[in-house]
Amino acid sequence: MKRAAIEECFRRLREANPAPRTELEYGSVFQLLVAVMLSAQATDRSVNLATARFFPEHGTPEGLLAMGVEGLTEAIRTIGLYKTKARNVIRTCELLLERHGGQVPDRREDLEALPGVGRKTANVVLNTAFRQPAMAVDTHIFRVSNRTGIAPGKTVLAVEQALLRRVPKEYLLDAHHWLILHGRYVCVARKPKCPQCPIADLCDYPDKTRLD
DNA sequence: ATCCCGAGGG
DNA sequence: CCCTCTGGAT
């Protein structure tokens with residue numbers, strides 16, 4: 001897709017959603033980090049349902065440590081991958097207290113040193129909490145970027161770099177949320193809703209990989 | 001490449 | 001039934 005078309009895509013996505021925000025519910029940077037860690041291969045809805053059970057009373061590193069691995073495992077059992085996630089979150093709480101005074105660090109290196117925190121999760125925290133121009137490429141953004149031609153790439157890292165290169169600066173800070181919402185509600189995985197898509201006329205998909 | 005792994009949709 | 005959901009570690 002040409003640069004002018006990319007710019008027009010984001011102009012329209014912004015018009016449809018002027019102030020995009022994550023649908024994960026959280027009341028602090030720490031809670032955002034935990035919610036994103038839990039969101040791996042899970043819907044925001046199921047994550048919010050689980051975190052509502054313990055954020056109110058245990059929404060701090062100390063609070064989660066008081067629950068213990070067993071308590072947290074029980075609280076998030078309705079989310080996939082719950083054993084690994086509970087273990088990683090508890091260990092992360094310990095490391096935050098040991099290394100960062102209980103605060104969430106704002107450097108990629110420190111974030112990725114936490115267990116269960118990879119590049120994608122670090123990018124979400126850097127962008128959403130610290131407003132840095134980081135692009136977290138998740139399943140939605142990978143699909144939308146490739147399908148539309150906004151930023152094609154064979155790996156998530158390639159797509160991330162293509163987005164950083166191709167998305168106009170003006171839209172970079174919020175591009176993450178526009179793309180994810182577009183992927184969740186319009187450019188869905190199975191049967192994209194092209195008839196109601198605001199950028200269908202600019203998209204590569206209808207001409208290229210038409211399957212139906 | 002494989003494992004982890006529940007819930008919701010089609 | 002099968003696919004998908006804001007991945008990460010090995």
* With sequence neighbours excluded, what pairs up with A:Arg166 under the side chain to side chain donor-acceptor pair (under 3.5 Å) test? ->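 Per chain and number, A:Arg166 pairs via side chain to side chain donor-acceptor pair (under 3.5 Å) with no residue.
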
Given atom [atom1] of [X] and atom [atom2] of [N], what is their separation to the nearest angstrom?
X        : N     : atom1 : atom2 : answer
A:Tyr26  : C:dT6 : OH    : P     : 16 Å
A:Glu112 : C:dG7 : CD    : P     : 15 Å
A:Leu24  : C:dT6 : CG    : P     : 8 Å
A:Lys120 : C:dA9 : NZ    : P     : 13 Å
A:Leu38  : C:dC5 : CG    : P     : 18 Å
A:Asp138 : C:dG8 : CG    : C1'   : 14 Å
A:Lys191 : C:dT4 : NZ    : C1'   : 16 Å
A:Asn48  : C:dT6 : CG    : C1'   : 12 Å

* Asked: Is there a donor-acceptor pair closer than 3.5 Å between any side-chain N or O of A:Ser46 and the backbone N or O of A:Ala42?
  ->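 Answer holds: no.
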
* Asked: Any side-chain N or O of A:Arg143 less than 4.0 Å from the OP1 or OP2 oxygen of C:dC5?
  ->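 Checking A:Arg143 against C:dC5: at least one side-chain N or O falls below 4.0 Å of OP1 or OP2.
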
* Asked: In this structure, are over 12 heavy atoms from other groups packed under 6.0 Å from A:Glu57 atom CD?
  ->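 Count not over threshold, so no.
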
* To do: Test A:Thr155 against A:Val159 for side chain to side chain contact (heavy atoms under 4.5 Å, CB included), laying out the working first.
  => CA-CA 6 Å; A:Thr155 66; A:Val159 169; over 6 Å; no

* A:Ser39, nearest nucleotide to its side chain (from C:dG7, C:dC5, C:dT6) ->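 Output: C:dT6.
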
* **Nearest-nucleotide pick for A:Ala189, side chain only, options being C:dC5, C:dG8, C:dC3** =>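 Closest nucleotide to the A:Ala189 side chain: C:dC5.
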
Under a 4.0 Å N-O cut-off, is there an ion pair linking [X] with [Y]?
X        : Y        : answer
A:Arg131 : A:Asp106 : no
A:Glu23  : A:Arg45  : no
A:Arg184 : A:Asp44  : yes

* Residues in salt bridge (charged side-chain N to carboxylate O under 4.0 Å, His left out) contact with A:Glu112, at least two apart in sequence or another chain ->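 A:Glu112 satisfies salt bridge (charged side-chain N to carboxylate O under 4.0 Å, His left out) with A:Arg108 once adjacent residues are dropped.
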
* To do: Please identify each residue that fulfils salt bridge (charged side-chain N to carboxylate O under 4.0 Å, His left out) with A:Glu8, with sequence neighbours left out.
  =>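 For A:Glu8, the residues satisfying salt bridge (charged side-chain N to carboxylate O under 4.0 Å, His left out) (neighbours in sequence not counted) are A:Arg11, A:Arg12.
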
* chain A on DNA chain B: first and last contacting nucleotide, 5' to 3', under 4.0 Å to a heavy atom? ->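 Terminal contacting nucleotides, 5' to 3': B:dC4 to B:dG9.
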
* Looking only at atom P, what distance separates B:dC4 and C:dT6, rounded to whole Å? ->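 22 Å, rounded to whole Å.
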
* To do: Determine the Euclidean distance between corresponding P atoms of B:dA7 and C:dG8; express it in Å to zero decimal places.
  =>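 C:dG8 and B:dA7 have their P atoms separated by 22 Å.
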
* Stretch residues 70-89 of chain A: residues that reach within less than 4.0 Å of DNA chain C through a heavy atom ->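 A:Leu81, in order of number.
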
* Contact residues, residues 165-187 of chain A to DNA chain C [heavy atom, < 4.0 Å] ->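 Only A:His176, A:His177, A:Ile180, A:Arg184 qualify.
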
* Asked: Heavy atoms under 4.0 Å, any strand shown: does A:Val124 hit a base, just sugar-phosphate, or nothing?
  ->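 Base contact - A:Val124 has a heavy atom under 4.0 Å of at least one base atom.
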
* To do: Could you check whether A:Val117 gets within reach of a base, just the sugar-phosphate, or nothing at all, counting any heavy atom under 4.0 Å?
  =>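 Here A:Val117 touches the backbone only, sparing every base.
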
* To do: Check the pair A:Phe10, A:Ile150 against side chain to side chain contact (heavy atoms under 4.5 Å, CB included), reporting the backbone distance first and the verdict last.
  => CA-CA 10 Å; A:Phe10 284 101; A:Ile150 287 176; 4.2 Å; yes

* **Any donor-acceptor N/O pair under 3.5 Å between C:dT6 base and A:Thr22 side chain** =>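 Yes, a donor-acceptor pair under 3.5 Å.
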
* To do: Applying side-chain contact (heavy atoms from CB on, under 4.5 Å) between A:Met37 and each of A:Asn88, A:Val47, A:Val124, A:Val125, report the one that passes.
  =>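 Of the listed options, the one satisfying the test is A:Asn88.
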
* Kindly give the heavy-atom pair with the smallest separation between A:Asn17 and A:Trp178, and that separation in Å. =>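 Heavy-atom minimum between the residues: O-NE1, 2.8 Å.
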
* Asked: Toward the 5' end of DNA chain C, which comes first, A:Leu114 or A:Arg45, by nearest nucleotide?
  ->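 Going by which nucleotide is closer to the 5' end, it is A:Arg45.
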
